[in-house]
Amino acid sequence: MKRSTLIPILLLIYLAVMAYIGRQELADGHYLFYFGVIGLTLACIIGLHFTLRHRERNRRK
């Protein structure tokens, strides 16, 4: 499996675990904080995926 796929998948699994652990914030009504952190983390993971994919493509050339 390529690095550009494996690392983001592992980070998504980690994010899912952290979201489960932090569900008390959601239950307390801190919706913006809970979903803001998840959204920002997802944006970083997606950016990392495209960056790694671009580097792999450049290495092949």
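This structure is a prediction, so every number in the text was calculated from the model and none was measured. Nothing fancy with the numbering, it's 1 onward along the sequence.
Figure legend: cation-pi geometry between Arg53 and Phe50 absent, as NZ or CZ is not positioned both under 6.0 Å from the six-membered ring centre and within 45° of its axis.
In the displayed structure, Arg55 atom CZ is contacted under 6.0 Å by at most 12 heavy atoms of other residues, nucleotides or ligands. More than 12 heavy-atom neighbours from other residues, nucleotides or ligands sit within 6.0 angstrom of CD1 on Ile21.
Rounded to the nearest 0.5 angstrom, Leu6 CG and Leu52 CG are separated by 10.5 Å. Leu12 CG to Ile45 CD1: the interatomic distance, rounded to the nearest 0.5 Å, is 4.5 Å. Here the NE2 atom belonging to His49 is positioned 9.0 Å from the CD1 atom belonging to Ile9, to the nearest 0.5 angstrom. If you take OG1 on Thr41 and CD1 on Ile46, they are separated by 11.0 Å, rounding to the nearest 0.5 Å.
Placement of Leu10 and Leu48 in two distinct hydrophobic clusters is found when ILVMFWY residues are connected by side-chain heavy-atom separations under 4.5 Å, directly or transitively. Hydrophobic clustering (ILVMFWY, side-chain heavy atoms < 4.5 Å, transitive): Leu26 and Leu15 are in one cluster. Hydrophobic clustering (side-chain heavy atoms under 4.5 Å, transitive across Ile, Leu, Val, Met, Phe, Trp, Tyr) groups Tyr31 together with Ile38. Placement of Tyr20 and Val17 in two distinct hydrophobic clusters is found when ILVMFWY residues are connected by side-chain heavy-atom separations under 4.5 Å, directly or transitively.
If you run side-chain hydrogen bond (donor to acceptor under 3.5 Å, both in side chains) between Asn58 and each of Lys61, His54, Glu56, only His54 comes through.
Nearest heavy atom pair, residue Phe33 against residue Glu25, reads CD2-OE1, 3.9 Å.
The closest donor-acceptor contact from the side chain of Tyr34 to the backbone of Gln24 lies at 3.5 Å or more, if one exists at all.
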